[in-house]
Amino acid sequence: MTFTAMVLKMSEGLGRTCAIFFLTLLFSLPLGMVIALLRMSKNRVIAGITRFIISVLRGTPLMLQLLAVTYGPYYLFGFNVPRNKLIPVVIAFAINYAAYFAEIYRGGIESISKGQYEAAEVLGYTKLQTFMRIILPQVMKRIMPSVTNEVVTLVKDTSMAFTVSYQEMFTIGKQIANSQTSFLPFVVAGIFYFVFNALVDYVMGLIEKRLDYYD
Amino acid sequence: MKKLLSLCLVFALALSLSACGGSSSGSSSAPAEKETAEAAETADTEETMTFIMGIDPEYPPFSYMDDDGNYTGFDVEVCQAVCDRLGWEMKIFTVNWDQKLVQLDAGECDCVWSGMTILKSMKESGYVLSKPYFYNTQVLLVKEDSDITSSYDLEGKSVAVQLGTSGEKLLQEDLKDLADTFGELVTCDSFLKCFTELDGNAVDAVLVDLPVATAYIADHEGFRIVNEELGAEEYGIAFRSVDQVLCDAVEGALADLVADGTYAQIAAKYPDIVDNLLFLNE
């Protein structure tokens, strides 16, 4: 197999890698906000349960969560194993990443001083208005570097979808490496991930710049 | 403060030095040292040699984890007998099957001995390979109520195969035309996952080595093997290209075990594979 053929074959899987990446972000970014708000709920029971769920999601390997989502329903209830592996993969990734995003959001929200809430109240803002117009824009600015961190990790974590036989780029790389007894596919995979992340870095940098008003 | 720092440094240095000393005096797994250890072994047997066997821990009945959590299987037991005979200490290293040869080259193990199919590509890459000891074929495992009766029925179906196995290789090369008729080819990283996919109706058939399929249906109901042999192959043991001496020693001990009946005794514990063992059916 020539080098070009190898790269072509692996880029076939790149589409699937991107599918995991974008779908995970699409679902986990908003889900994270929901979890963060539940976590900060004044109701102790809700806050406690959410806290426990977050600690399970962050305290167990993503690989196990992938296996649990894919094969769990089959082993527990005898459901069919899903044929299209993208569904369980995205569910597992979205839930896992939402837990991390939730904690980032919480950190951001709690970093805003109480005085701002009081000032907003004096000015006659409702609670929702205060959150949407005053708190959230500042939170967005503060958490961008941490979010970028997670997004970069997500790019690399997509390779874990291999555990449930989802044929993404790294899986194909492994297959080629194995059939050609060559290490080259791993080098190619490394370059792919690096370029992907360079793009992510660039885009996140642009977003950060746009949010960089006032300063 | 400076004094404390330098003291720490000296301590760290001493530690690292003693660590180096430890590993080079003990029997190490680095390829170059293995050769000298091997030479020493044949010259005088003062120092016990450690022989690291590379296995796939999910490959019953050749190598697997038993109910007590120990690694066992036909290959493991035979290897233990070989080591006992040669006075070697046996260690087990579980390889990542699709990286087994890289791990062998890296010295993480001294051989790959785990129901491993001898491939032409291994010979071409210069690995030292033992005489084949097992004759094997690839078969299709399907659900009992499946309508698949031969490989012709696989058109448009999805088929699972384990990454790094000869079945996967077969579908890429000799059986490429067959593989092209599949609806989907699912590559799993262990046989358990292949079988789970089959049981959970995510795939319609699993291409797998005959002994693995036989062992699986013995323990699990609701499956059957399609009566068609899809690729004949032989199992052997792989050593690094520099380890011809090691291979000869193992082969010699194996011949002794066959001669004194120990080999047949071990084989009797594994009725699923006994008919295909080449040394016993010569």
Side-chain angles (χ1 to χ4, degrees), chain A residues 1 5-6 9-10 12-13 16-17 61-64 66-89 91-92 159-187 189-190, chain B residues 95-106 112 117 119-127 143 157-174 176 179 183-204 206 222 238 241:
Chain A
M1 189 181 261
M6 193 182 282
K9 184 104 188 135
M10 284 174 73
E12 279 172 26
R16 291 174 171 220
T17 300
L62 177 54
M63 195 179 270
L64 283 186
L66 273 168
L67 287 174
V69 173
T70 313
Y71 299 115
Y74 157 75
Y75 276 116
L76 294 175
F77 312 112
F79 287 174
N80 282 353
V81 174
R83 281 198 178 220
N84 183 355
K85 291 291 178 336
L86 183 62
I87 298 163
V89 166
I91 293 176
S159 64
M160 249 186 273
F162 169 67
T163 341
V164 293
S165 320
Y166 183 67
Q167 310 277 319
E168 44 70 56
M169 186 262 289
F170 195 68
T171 311
I172 296 176
K174 268 178 113 168
Q175 288 165 12
I176 300 173
N178 170 55
S179 68
Q180 307 286 312
T181 35
S182 151
F183 230 73
L184 208 55
F186 295 127
V187 178
Chain B
V95 298
N96 185 349
W97 197 245
D98 54 309
Q99 292 301 318
K100 54 187 180 293
L101 295 176
V102 175
Q103 291 180 307
L104 176 66
D105 279 334
V112 179
T117 304
L119 297 174
K120 228 163 75 187
S121 63
M122 292 179 186
K123 285 181 192 156
E124 283 161 5
S125 308
Y127 292 99
K143 283 199 149 181
K157 304 272 186 187
S158 63
V159 180
V161 68
Q162 188 194 353
L163 180 62
T165 59
S166 49
E168 192 217 358
K169 195 108 185 161
L170 206 63
L171 291 176
Q172 283 173 2
E173 289 162 11
D174 296 0
K176 180 106 184 43
E184 193 187 6
L185 180 61
V186 178
T187 328
C188 305
D189 59 353
S190 79
F191 273 127
L192 174 67
K193 281 181 196 156
C194 290
F195 294 143
T196 309
E197 299 267 330
L198 178 64
D199 201 15
N201 296 317
V203 299
D204 304 297
V206 178
S241 54

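Hydrogens, waters and symmetry mates are skipped; everything else that's a heavy atom, side chains included, is used. Residue numbers start from 1 in every chain, and the chains themselves are labelled A, B, ... in the order their sequence lines are given, proteins ahead of strands.
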Partner residues of A/E168 under the salt bridge (charged side-chain N to carboxylate O under 4.0 Å, His left out) criterion, sequence neighbours left out: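 Listed in chain order: nothing, the list is empty.
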By salt bridge (charged side-chain N to carboxylate O under 4.0 Å, His left out), B/K120 pairs with (sequence neighbours left out) none
With a 4.5 angstrom heavy-atom cut-off, could you sort out which part of [X] is near chain A: side chain, backbone, both or neither?
X      : result
B/V203 : backbone
B/L198 : neither
B/T196 : both

Q) With a 4.5 Å heavy-atom cut-off, do A/F186 and A/K174 have their side chains touching? A) yes
Flag the pair B/D199 / A/Y75 as yes when at least one side-chain heavy-atom distance between them is below 4.5 Å, and no otherwise. no
- Message: Under 4.0 Å between a side-chain nitrogen and a carboxylate oxygen: does that hold for B/K169 and B/D174?
- Response: no
If one checks every heavy atom of A/T171 against chain B at 4.5 Å, the contacting part turns out to be neither
Turns out that what part of A/Q175 lies under 4.5 Å from chain B's heavy atoms comes down to both
Chain B shares the most heavy-atom pairs under 4.5 Å, among A/G78, A/S165, A/P73, A/P82, with A/S165
Against chain B, work out which of A/F79, A/F183, A/Y166, A/Y71 has the most heavy-atom pairs shorter than 4.5 Å and name it.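 If we count pairs closer than 4.5 Å to chain B, A/Y71 comes out on top.
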Out of B/Q99, B/K100, B/E184, return the one with the most heavy atom pairs under 4.5 angstrom to chain A.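 Ranked by heavy-atom pairs under 4.5 Å with chain A, first place is B/Q99.
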| Between B/L163, B/T187, B/V186, the one whose heavy-atom pairs under 4.5 Å with chain A are most numerous |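 So the answer, after comparing B/L163, B/T187, B/V186, is B/T187.
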- request: Give a yes or no on whether A/K9 atom NZ has more than 12 heavy-atom contacts from other residues, nucleotides or ligands under 6.0 Å away.
  value: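 Not more than 12 within 6.0 Å, no.
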- prompt: Under the 3.5 angstrom rule, does the side chain of A/T163 hit a backbone N or O of A/M63 as a donor-acceptor pair?
  reply: no
